[in-house]
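Predicted model only: the values in this text are computed from it and were never measured. First the proteins, then the strands, lettered A, B, ... as listed; each starts at 1.
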2 protein chains.
Amino acid sequence: MTSGSVAKPLSKTRLELIEAAGRLSQLVGRPRTIGQIFGLLYLSPRALTLDEISELLEISKASASTGTRQLMALHAIRQVWKPGDRKDFLEAEPELREIIRGVYQLFLAPKLTKTRGRIDLLLETLDGDRKSGAIDDEEYRFCRDRLLQMSNLQGKVEKVLPLAEKFL
Amino acid sequence: MTSGSVAKPLSKTRLELIEAAGRLSQLVGRPRTIGQIFGLLYLSPRALTLDEISELLEISKASASTGTRQLMALHAIRQVWKPGDRKDFLEAEPELREIIRGVYQLFLAPKLTKTRGRIDLLLETLDGDRKSGAIDDEEYRFCRDRLLQMSNLQGKVEKVLPLAEKFL
DNA sequence: CGGAACGTTCAGTTCGGATTGAATGAATAC
DNA sequence: GTATTCATTCAATCCGAACTGAACGTTCCG
């Protein structure tokens, strides 16, 4: 005899947080489901299985799978092994600070160093543009100035962000 | 005798920055055009008209219009009036710091205070859930703890962000 | 051996938001 | 007044990413 099990419905509080987390998620350009899954788990007293997530959120198991894997990549949720059970149980990382740290280290920081390299490359491209006569001297100086401004800001951001994280 | 004018093609440098800015824009969940327009203007020695933007970026004038208005709402670009010309001329805000300030004040800060209110509301909803018997005491305490954690982090973020901005 | 219970992957569909062309409005020139 | 030249708005279209169902691989159990 198998499932068909309709799990206990979610409390109003959890439903509202799920909705808010979903909106926040797509506000920053991520799929809504990601936020919903995290919201669900963050207010869940016990770790949940893929099937439970899929059922409670009314999304396909495929979505639940991809969503949870993305969240795990950010260390926002983790797997919990219950002895004698083959299912994966998932729970939210309780320390929100850790999640922020993870997002920074795994996502932001690499992006920032890449950006630095890209700006330097643009400065070289600019020299090429001048030598090839694609731009006159006035435009050269103007662009160079702006690119240096970008470089300057980029460096400061790279220094301030890890510092700011400390203060959370 | 009207346009059909094909403007001077963009230098490689500007093309690359436009592309990068576009990607950055949609990375944070905004339309690519927004970033492209700003990238174009930021490396433009002179202010450009809507038609020029539309032509150089190969997008419709409608897109250029909505895009520039969004950027103006963030104070990332501004209008420049040339006497004797009815067209709007647009130029990028040169101070990148100002743009960050604008994004924070006009966009992030309101969102943060709203979030604070929303968390407080969730705490009330949680009390309601308990009184209505929707959740047992264990779940109540668990959820309450997590919501307080959120509230705590939210407060710190609200304090750290303006501080971090100072250091740029 | 099956076979059941998992999680994952992949091709197809769906859906939301960006983009567009055409209509509209506003301002100027004649 | 009418005609032009702008920017904006709106409905319709388009596009890409999120989501889905089905097929798959794997592991465990009998």
Problem set entry | Ion pair check, A/Glu139 and B/Arg14, cut-off under 4.0 Å | yes
Exercise. Between A/Glu52 and A/Lys8, is the closest basic N to carboxylate O distance under 4.0 Å?
Worked result: no
For this session: Not counting sequence neighbours, which residues clear salt bridge (charged side-chain N to carboxylate O under 4.0 Å, His left out) with B/Glu95? List them please.
Result: none
Distance in angstrom units between [X] [atom1] and [N] [atom2], rounded:
| X | N | atom1 | atom2 | result |
| --- | --- | --- | --- | --- |
| B/Asp88 | C/dA27 | CG | C1' | 12 Å |
| B/Glu52 | D/dC6 | CD | P | 11 Å |
| A/Glu55 | D/dT20 | CD | P | 14 Å |
| A/Leu50 | D/dC19 | CG | P | 15 Å |
| B/Trp81 | C/dT28 | CH2 | C1' | 12 Å |
| A/Leu71 | D/dA18 | CG | P | 13 Å |
| B/Lys82 | D/dA7 | NZ | P | 14 Å |
| A/Asp51 | D/dG21 | CG | C1' | 15 Å |

Problem set entry | Qualifying residues under side-chain hydrogen bond (donor to acceptor under 3.5 Å, both in side chains), relative to B/Thr13, sequence neighbours excluded | A/Asp129
For this session: Keeping to residues at least two apart or across chains, list the salt bridge (Lys or Arg N to Asp or Glu O under 4.0 Å) pairs with something in residues 159-168 of chain A.
Result: none
Exercise. Any salt bridge (Lys or Arg N to Asp or Glu O under 4.0 Å) pairs touching residues 113-127 of chain A, not counting sequence neighbours?
Worked result: A/Arg116-A/Glu158
Exercise. At under 4.0 Å, does any side-chain N or O of B/Lys61 touch on OP1 or OP2 of D/dA7?
Worked result: yes
Please write out each protein N/O paired with an N/O of nucleotides 22-30 of chain D under 3.5 Å, distance rounded to 0.1 Å.
unit_1, atom_1, unit_2, atom_2, d
D/dT27, O2, A/Arg86, NH2, 2.8

Please output the side-chain donor-acceptor pairs of residues 143-153 of chain A that fall under 3.5 Å, not counting sequence neighbours, one pair per line with the distance.
unit_1, atom_1, unit_2, atom_2, d
A/Arg146, NH1, B/Tyr42, O, 3.1

Exercise. Rest of the hydrophobic cluster containing A/Phe142 (Ile/Leu/Val/Met/Phe/Trp/Tyr, side-chain heavy atoms under 4.5 Å)?
Worked result: none
For this session: Check every atom of C/dT8, D/dA7, D/dT9 against the side chain of B/Arg69 and return the nucleotide holding the closest atom.
Result: D/dT9
Considering only distance and modelled atom types, tabulate donor-acceptor pairs under 3.5 Å from the side chains of residues 78-89 of chain B, sequence neighbours left out.
unit_1, atom_1, unit_2, atom_2, d
B/Arg78, NH1, B/Glu91, OE2, 3.1
B/Arg78, NH2, B/Glu93, OE1, 2.7
B/Gln79, NE2, B/Asp88, OD2, 2.9
B/Asp85, OD1, B/Lys87, N, 3.1

Between protein and nucleotides 17-19 of chain C, what N or O pairs are separated by less than 3.5 Å?
unit_1, atom_1, unit_2, atom_2, d
C/dT19, OP1, B/Thr33, OG1, 2.4
C/dT19, OP2, B/Thr33, OG1, 2.3

